[in-house]
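These numbers come from the heavy atoms of this one structure, side chains and all, not from hydrogens, waters or symmetry mates.
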Amino acid sequence: MIKGIIFDLDGVLVSTDEYHFRSWQKISAEEGIYFTWEMNNNFRGVGRMECVDILLATTNKKYTQEEKKLIAIRKNKYFAESLDLLDESAILPGTIETLDNLRARGIKIGVGSNSRNAKAIINKLNLNDKLDVISDGYDIKNSKPDPEVFLLTAERLGLKSEECIVVEDAVAGIEAAHAAGMKALGIGTADRLTKAEKVVKNLSEITIDELLSI
């Protein structure tokens, strides 16, 4: 019996794609690297240091590990500064209704995100009261596809893995869910999220009964 739903944050409940894109674009311009929206999409569900590695792989310039860390810090600084512009328009379709309906059913609700900005985004959008648990990049050592963040969130919810369903928009997140022993609803397209048990465009396209029966 499903007793809890664990949501990834960005791309599932909210969208900050534009803010990430602008931040990476600024970093790329400073480093003399060409950056596209498609490259930004490839960063979905990937840890920040891994994103830096992917970005720098497109240039012949050599970077030390310390230089890479400084780039990651700069990127997060730019992104965090941009969150001042964040408003309720960033909340994706179906988010509020889904969270409210789950709460009405007595289903526990958690967020499991790689991002260290998750709590700031949730606070900014006034979503705290709709969530029971938030686990983010500060709480884990291993990013998705490692299952650590989902296992931690389930533990904090007081639930077993088999009692939880994950909602994810990234391939790495679907892999992490399965590695945690949880089924996954994919948000996006079926051709990309091929391993998800079910895929919808956004949360407005699925009922609570359908979600709980995955």
Side-chain angles (χ1 to χ4, degrees), residues 6-86 110-124 133-156 166 168-180 182 184 188 192-193 195:
I6 302 175
F7 296 91
D8 178 40
L9 181 64
D10 206 6
V12 172
L13 298 179
V14 305
S15 176
T16 59
D17 281 354
E18 183 66 30
Y19 302 94
H20 281 293
F21 175 71
R22 291 175 186 173
S23 301
W24 283 118
Q25 192 176 47
K26 187 172 182 178
I27 287 291
S28 298
E30 292 170 349
E31 298 300 321
I33 299 171
Y34 181 66
F35 190 71
T36 66
W37 187 263
E38 183 179 358
M39 292 169 67
N40 188 71
N41 286 339
N42 291 336
F43 288 170
R44 287 179 180 274
V46 180
R48 195 182 309 146
M49 287 306 300
E50 294 170 82
C51 290
V52 171
D53 286 336
I54 294 170
L55 179 68
L56 298 184
T58 64
T59 178
N60 293 325
K61 184 178 177 181
K62 301 299 180 183
Y63 291 81
T64 65
Q65 195 60 30
E66 186 59 31
E67 287 173 330
K68 291 180 180 180
K69 289 180 181 178
L70 290 175
I71 288 174
I73 291 170
R74 270 163 50 210
K75 188 273 173 182
N76 191 58
K77 176 177 178 289
Y78 296 152
F79 179 74
E81 289 171 350
S82 73
L83 293 182
D84 288 339
L85 303 173
L86 195 67
V111 163
S113 171
N114 283 344
S115 174
R116 292 190 174 190
N117 297 294
K119 291 186 177 74
I121 293 170
I122 289 167
N123 286 334
K124 180 74 173 177
V133 165
I134 303 168
S135 301
D136 63 13
Y138 286 110
D139 299 316
I140 58 173
K141 294 181 179 179
N142 304 298
S143 298
K144 304 166 190 175
D146 190 283
E148 182 180 1
V149 73
F150 292 143
L151 292 172
L152 174 63
T153 306
E155 180 182 343
R156 288 176 168 179
V166 165
E168 259 286 355
D169 73 317
V171 172
I174 301 297
E175 293 176 359
H178 290 161
M182 305 174 189
R192 189 170 67 87
L193 303 175
K195 295 183 179 179

Any side-chain to backbone donor/acceptor pair from [X] onto [Y]? Under 3.5 Å, distance only.
X	Y	value
T59	L56	no
N114	S143	no
E148	N142	yes
E168	A184	no

Table please: side-chain donor-acceptor pairs of residues 28-35 below 3.5 Å, with sequence neighbours left out.
unit_1: S28; atom_1: OG; unit_2: W24; atom_2: O; d: 2.8
unit_1: E30; atom_1: OE1; unit_2: R74; atom_2: NE; d: 3.4
unit_1: E30; atom_1: OE1; unit_2: R74; atom_2: NH2; d: 2.6
unit_1: E30; atom_1: OE1; unit_2: Y78; atom_2: OH; d: 3.2
unit_1: E30; atom_1: OE2; unit_2: Y78; atom_2: OH; d: 2.6
unit_1: E31; atom_1: OE1; unit_2: Y63; atom_2: OH; d: 2.7
unit_1: E31; atom_1: OE2; unit_2: R74; atom_2: NH1; d: 3.2
unit_1: E31; atom_1: OE2; unit_2: R74; atom_2: NH2; d: 3.1

Practice item. Check whether any side-chain heavy atom of V14 lies under 4.5 Å from a side-chain heavy atom of I121, and answer yes or no. Key: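 Side-chain contact under 4.5 Å: yes.
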Check your understanding: Would you say the side chains of N76 and N117 form a donor-acceptor pair under 3.5 Å?
Key -> yes
What is the minimum heavy-atom distance between [X] and [Y], and which atoms define it?
X	Y	answer
G112	F150	O-CE2, 3.6 Å
N40	D17	ND2-O, 3.7 Å
P147	A176	CB-O, 3.4 Å
D169	L193	O-CD2, 3.8 Å
I134	D139	O-OD2, 3.9 Å
A72	M49	CB-SD, 3.6 Å

Exercise for review: Determine, step by step, whether S135 and R156 satisfy the side-chain hydrogen bond (donor to acceptor under 3.5 Å, both in side chains) criterion, reporting the C-alpha distance in whole Å, the side-chain angles of both residues, the deciding distance to 0.1 Å, and the verdict.
Suggested key: CA-CA 9 Å; S135 301; R156 288 176 168 179; 3.2 Å; yes
**Study point:** side chain to side chain contact (heavy atoms under 4.5 Å, CB included) partners for D53, two or more places apart
**Key:** K68
